[in-house]
Structures are given as structure tokens and as C-alpha cells.
Amino acid sequence: MDGLIFENKNSLVRSSDLEKTKRKLSLELTKIKEGILKKEHGYDAVNIPFNTKESDRVSELIKAKQTLNIAAVVVVGIGGSNLGTIAVHEALNGKFHNQKEKIKIFFADTTDSDSIYDIKVFIEHILKSEKNIILNLISKSGNTTESIANFEVLLEVLKKHRKDFAKYVIVTTDKGSQLEQTAIKEHFEILNIPNTVGGRYSVMTPAGLFPLGMIGIDIKKLLKGARYITDKCLSKDIQKNPSAQSAIDMFCNHREGKSIHDLFIFSNDMESVGKWYRQLLAESTGKKYTKSGIKVNEGMTPTVSIGSTDLHSMAQLYLGGPEDKFTTFVKVLPIQKEKIPKFKEYEPLVGGISGKKLSDVMDAIFAGTKLAFIKGKKPFNQITLEKNEYSLGQYMQYEMIKVIIFSHLINVNAFDQPAVEEYKEETRKILNK
Ligand code: PA5
């Protein structure tokens, strides 16, 4: 398999709607391509995987920092500044990475005193040994309350244990931010997120590449996958364009009253990919006004389900509840080939599983779920992925382009987040009182 496979024969889009939307889409694709070509604000995200100069610089920095006897990387950032990294890391390294691997990774995002305390204790333990940590503060704006607060708490620990603390700190931020100025004064290494790329589209900028590379993810393969699929996802030949087809599925279903998009992922380790996607769709489409300023309160609400776990908690609602959901099933091909033993005593409990691979059981559950959706006339499409950097790079680029296309179809700005700024501003006012 050469990466991502897209299927949508059950998306229940009427052919008349499909033709109408295709015509609209053709115009929008021209605008999107122009935006990308001119490196316009937001659209420039699509160009990022092609910027090999920047990724080479990140690789060099990783090589240099890996010589410092590093036992853990602590990523301090929130939202667009850490969700992509968590997604790629967990999808490829699994949720048990820190119990297994040499270089561990911790994420400090919200100002939850208990969880930051736990990270503090952990890094203190490392710093009391011969080993070191990397503290990577990632903030595009440079002034997000949670990130700066957490960073200061963790920097204090680093300063206490290492006189040469500056060489263990990397600051990733926009060029020209106030944080960049502070980092220069502190002699910290600086990586930049291009000003033209929004936080939730930044996973393939140094914001994601540096921490991922530090813990052994093959960032070059991630970028290669993204590059491979870009042309396909921008093609005007809609039949060959998975992003456009998926955006059409969502648009037509949304217009039929499906206000929720559920990403139903059949892989435990990919739950955080779902959370990354949640931010991407929610912040890009949830808008009070259209691009021309008309009040619409637009948006599609993303939810994440994990197969088969959530079949035991959400399936009743999905199959019996309101007709307000469009589902994308994500099938992920596992790496391990675990087999069920042939224990005679257990055979009467569940028939047909003895001696089978766990993945065969999962495939049966997956097929059964889809049949139930088809019987219940619940619209869905499907993505199939492999668990490797190349496939994930394709998937993430496909989703980013799809969300841009979908935002064009519903006529909202895919790249701003005015409501997020509102809460940030109010918080600053309260803290400064
Ligand atoms: O998408 C967004 O813009 C937000 O979710 C931001 O990523 C988040 O608020 C963090 O912002 P910053 O990277 O500026 O600290």
C-alpha cells in the first residue's frame, strides 16, 4: 500500500448536489491554488513540506542536541503548538512510549498545577542524574498565558540544576515576537514558525518537526508523505482528489442538517490524531461571520470516536439517535500480528475467534459497524492508513487541504480564530487587575 486510500461510496450525496458542488468547487480550487502559489497568509501552510532548507536546519539542531545525553524532551505549548506533535508522536510511538524508550517526551499545556508538578518531579529526577532534558517552549504569538506560565515553572527547575541551562532550551515562535526578543537576550536557540502559517496548520513547521525528530520520528518521511499527496489534493480532477471529495461529502451532508463530523478511528494510538483534527475543523469552520461579513454562526462540530472502544459507549446514539452526524471511518493497519490462542475452555464463550489474529477480529468489527451504518442509512466515508511517517504525513496534509476546501465551500475564513483571541484577551485583563 502506498499510503492513504479514500473511499466514499456510502456518503449518500445526491448526484444533483454533487454536480452543483463540483462546479462551485472548481472555482474555489483556483482561488486556493492561487493563495498557495502567492504564499498568502494561511494558504502558505500547504507549501511547508516543500521547504527542505528549514527542515534541514531543524535536523542539524536535533543532531547537535542529541549529543547532550538527553533523557527527556518537555514540550511547553498548547493548541496548535502541541496537538500536532502529540498526534504524530502517539500514532507512531504508541501511548506507552515513555515506559519503553530512551528519550521520553512530556507535554505541558494547560496550567494544571498537579500535572505540571508531576512533570517537575520527573525532570528534577533526571537532572539529579548525569542526564539532561530539552525544554522546548512553543508559542507562535509568544504571549499565551498557559505556555509562558508553565515554561517559567519548568525553567526554574532547569536553572536550579544546570548553570549552563541556556543550551537545553529551544524557543519556537514567530519571527519578531516579543518572546523571540526575550529568547535572544537569554541566549536560547530559536526556531521560527513562518508568520504566514497558523498554529493549527503548523505541525510540519519547526513547531512539530523539532520535538518529533528529537524522539526519533523520521521527519523527512513525514514531509515526503505530505509532499507526495499535495498535488492530488489540489487536483481539479475531483474523482482523483481525496480532499475535494471528502470536502464535498461534508458540505452536502452539512447542508442536509448533519452538523457533527465524527472521526471514527479504529486505532487506540491514533486518538490524539483525532484531537488534532478536532482543533483543525473546529477553529477553521466555527465562525460567526462569512468572509463577506454576513452573520451565519457557521461550523461543523468535530467529535472523535475510537473503534472498537466507543462502539460500547456511543454506538447506540450514533445508530439510534438524531440524524445529525456525518462519519469518517479511519481504518489503520496495525504493525503487530497478535494471535488469539486456541484454548478449548474459552471456545464456547465467543465463537469464531480461536486461532485468529486480533486484527481479523478488528476487521470483522469494522465491517459489522459499517454494515449497521449502511442499514441505518447513516452517511460515511472512509480513509485507510498505514502506521508510518509517510502515510501519516499524507493523511495530515490531506486533512489540512480538505479543511481549507470545506471552509471555502461554506464561505468562512479557514485561518483566523477571533473567538480564541477573545478569551485570551479577557484572561489577560483578569490577571492584570
Ligand atoms: O490555532 C490557534 O491559533 C490556537 O489554538 C493556538 O495554537 C493556541 O492558542 C496557542 O497559541 P500560541 O502558539 O500563540 O501560544
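By convention here, the first residue in the shown sequence is residue 1. Just follow the structure's listing: the first ligand is 1, and inside any ligand the first atom is 1. The figures that follow rest on heavy atoms only: side chains count, while hydrogens, waters and symmetry mates do not.
- Within 4.0 Å of ligand 1, protein heavy atoms belong to Ile78, Gly79, Gly80, Ser81, Ser139, Lys140, Ser141, Thr144, Arg200, Gln279, Glu283, Gln417, Lys424, listed by chain and number.
- Using a distance-only test at 3.5 Å, with no hydrogens or angles considered, a donor-acceptor pair links the side chain of Ser202 to the main chain of Gly199.
- Remark: Thr110 engages no residue in a side chain to side chain donor-acceptor pair (under 3.5 Å) (not counting sequence neighbours).
- Counting heavy atoms of neighbouring residues, nucleotides and ligands inside a 6.0 Å radius, atom NZ of Lys24 exceeds 12 of them.
- Salt-bridge annotation for Lys159 and Glu156: absent, with no side-chain N of the basic residue lying under 4.0 Å from a carboxylate O of the acidic one.
- Here Phe266 pairs with Phe264, Phe366 under the ring pair (Phe, Tyr, Trp, His ring centres under 6.0 Å) rule; sequence neighbours left out.
- Residues that satisfy the ring pair (Phe, Tyr, Trp, His ring centres under 6.0 Å) test with Phe122, not counting sequence neighbours, are Phe106.
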